[in-house]
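Accompanying notes for the structure given below.
The sequence lines fix the lettering, A, B, ..., with proteins before strands; numbering per chain opens at 1.
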Amino acid sequence: MSQKPAIPKGTRDFLPSDVFKRNYIFDKIKSVFKLYGFAPIETPSFELSGTLLGKYGEEGDRLIFRILNSGEKMKKADVQALQEENLPRFANSLAEKALRYDLTVPFARFVVQHQNELSFPFKRYQIQPVWRADRPQHGRYQEFYQCDADVVGSDSLLYEIELVQIFDAVLTKLNLPGFTIKINNRKILSGIAEMSGESDRIVDITVAIDKLDKIGEEGVINELRNKSISEIAIEKIKPLFQLQGTNAERIQLMKILLKESEIGMKGIEELEFVLNAIHNLGLERGELEFDVTLARGLNYYTGAIFEVKAHDVKMGSICGGGRYDDLTGLFGLKGLSGVGISFGADRIYDVLNELNLFPADVTGGLSVLFVNFGEKEVTKCLELAAELRKSGIDCEIYPSTAKLQKQMKYANDRGVKYTILLGENELASQTVILKDMISGIQTQVSFTDLIGNIK
RNA sequence: GAGGUUGUAGCUCAGUUGGUUAGAGCGCCGGAUUGUGGUUCCGGAGGUCGCGGGUUCGAGACCCGUCUUCCUCCCCA
């Protein structure tokens, strides 16, 4: 057993049927991105460590895969830092490069670097794998694909509307029966922190209330206390837990709660604009829900925050996104607002698999297999195969004159739609036997009628 | 990063308090069927019991370490 090969934890191999299914998801996502005017870009799998570190908070840094320096660069190791037990600095001296952790930060770097070649607002999509040194769990991998669409260079709320429509369009196209698009606004969260008198504790407060549906009201209050948020503040936060009813009703309540907070009211105004627009436009299958407890950990969001959950399946969020006013600021380009969303292709894959929502023909089996009867017959098969391919019909010839039984079984395993039997008798009569592998029906057709009988 | 859990044939899993030669189903290969697959029947191959060490006359089973699996926390797609 020790000789058996293995792959690292949290990674997966993909068989042809898996890749067909994944491409099906990618194709739907791409087609919608394109409909909304997004253009594709790609960035390297790994970036300079400095580009990534410090962008995802302390937690995030821990989850970034580092690439060990090679050759002479090994000598750059900061041994002194090791002796001082400053492990982060030691690690940085050992690894100048790191695998990308998401697509957003590399995109920000990309925008700053190519700012003079881009016209703004710049709309890009990007479908590439990312890597996280996380503990693998259900729906959680160390290597997985993200499918991002972002707009940078405009603070127009029209894009928030577009992105909600994209969530809806893609997931509807993928035939997902039900899903909730949760929306919130970071400014509302700031408003909450402000009116509770704990403005500088916004992260602790939001991280705590984000867990409401998981640990309940008591749990959240305990966590707030543990983080030494004042009792007065907690009393002021409590009404949030009761927030219910339609989006419009929730908005009205929040307007009362946050009336003292300028930034909070600004957030409500933005949110209301998006909710109203979507309400008027309507969604296909998605439900848009204002969820004040939606926080999301990434600290670069400044406006709208999105998260999508599929119904009837135990799985974390399948999409996320939000507005970040100053992401490129980290790389020295100020004043460019961006907003974007991300589809978690691997989680969507798992959900579609679990709910059995992949179309039957997605695995794209071979259309036609020529059974091999011998040298003379194969010569004719080669000619016919060339004609089929010219007409766009994919086909193969079985490579050897194995027993017919074996050849038929192979055709069956490959999911072949038609087999063509061309033996001695058929060659003499200029015909083939065309067998429909699903119905089992065989028909004798002439060489010239063959193409017309396939499909 | 913390705690727990799992690992036996290609796959899913049995395997009693430690005791001969480690089993089943499915899959695979061959045959029944020399020009017919997906059904049936018969036969066969395939395992250093995750890996390393220890206890023992004897370990798949017990102990330690390690890797892996899944789960909770953390965080997230």
Mind checking the [atom1] distance from [N] to [M]? Whole angstroms is fine.
N     : M     : atom1 : value
B:G60 : B:G23 : C1'   : 12 Å
B:U68 : B:A32 : C1'   : 44 Å
B:C62 : B:U8  : P     : 15 Å
B:C51 : B:U17 : P     : 24 Å
B:U5  : B:G44 : P     : 42 Å
B:C11 : B:G4  : C1'   : 27 Å
B:A59 : B:G54 : C1'   : 11 Å

Under 5.5 Å and under 30°: A:F144 stacked on B:A77:
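Base of B:A77: stacked against A:F144.
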
Whole-Å distance separating the [atom1] atom of [X] from the [atom2] atom of [N]:
X      : N     : atom1 : atom2 : result
A:N412 : B:G38 : CG    : C1'   : 4 Å
A:D134 : B:U69 : CG    : C1'   : 15 Å
A:H138 : B:U68 : NE2   : C1'   : 19 Å
A:Y56  : B:A77 : OH    : C1'   : 13 Å
A:E307 : B:A77 : CD    : P     : 8 Å
A:K409 : B:G35 : NZ    : P     : 19 Å
A:L366 : B:G37 : CG    : P     : 19 Å
A:I7   : B:C67 : CD1   : C1'   : 14 Å

Remember a base hit wins even if backbone is also touched, and classify [X] as base, sugar-phosphate or nothing at under 4.0 Å, heavy atoms.
X      : answer
A:E143 : nothing
A:G415 : nothing
A:G440 : base
A:K435 : base
A:I318 : sugar-phosphate
A:N425 : base
A:S342 : nothing
A:Q146 : sugar-phosphate
A:Y410 : nothing
A:L103 : nothing

Could one point to a donor on the side chain of [X] or the base of [N] with an acceptor on the other under 3.5 Å away?
X      : N     : value
A:Q442 : B:G35 : no
A:R347 : B:C76 : yes
A:R132 : B:A77 : yes

is_close_aromatic(A:F38, A:Y125), centroid dist under 6.0 Å
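Between A:F38 and A:Y125, the centre distance exceeds or equals 6.0 Å.
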
Ignoring hydrogens and angles, state whether a donor on the side chain of [X] or [Y] is under 3.5 Å from an acceptor on the partner side chain.
X      : Y      : answer
A:D134 : A:Y141 : no
A:R135 : A:Q137 : no
A:D148 : A:Q126 : no

Looking at A:Q405, I'd like to know whether one of its side-chain N or O atoms comes within less than 4.0 Å of OP1 or OP2 on B:G37.
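The answer is yes; a side-chain N or O of A:Q405 sits under 4.0 Å from OP1 or OP2.
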
Look at the side-chain N and O atoms of A:K211 and state whether any lies under 4.0 Å from the OP1 or OP2 oxygen of B:C75.
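For B:C75, OP1/OP2 do have a side-chain N/O of A:K211 under 4.0 Å.
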
Provide the Watson-Crick or G-U wobble partner of B:G65, both distances under 3.5 Å; none if there is no partner.
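Pair assignment: B:G65 / B:C51.
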
Identify the nucleotide, in any strand shown, that forms a Watson-Crick or G-U wobble pair with B:C26, with both distances under 3.5 Å; if there is none, say none.
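For B:C26, the partner nucleotide comes out as B:G10, under the 3.5 Å rule.
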
Between A:K97 and A:E47 (salt bridge meaning N to carboxylate O under 4.0 Å), is one present in this structure?
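No.
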
Electrostatic pair A:E143-A:R132, nearest N-O below 4.0 angstrom:
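Result for this pair is no, no salt bridge flagged.
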
Plane angle bin for A:Y324 and A:Y301 - parallel if under 30°, tilted between 30 and 60°, otherwise perpendicular
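Tilted: the ring planes of A:Y301 and A:Y324 meet at 30° to 60°.
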
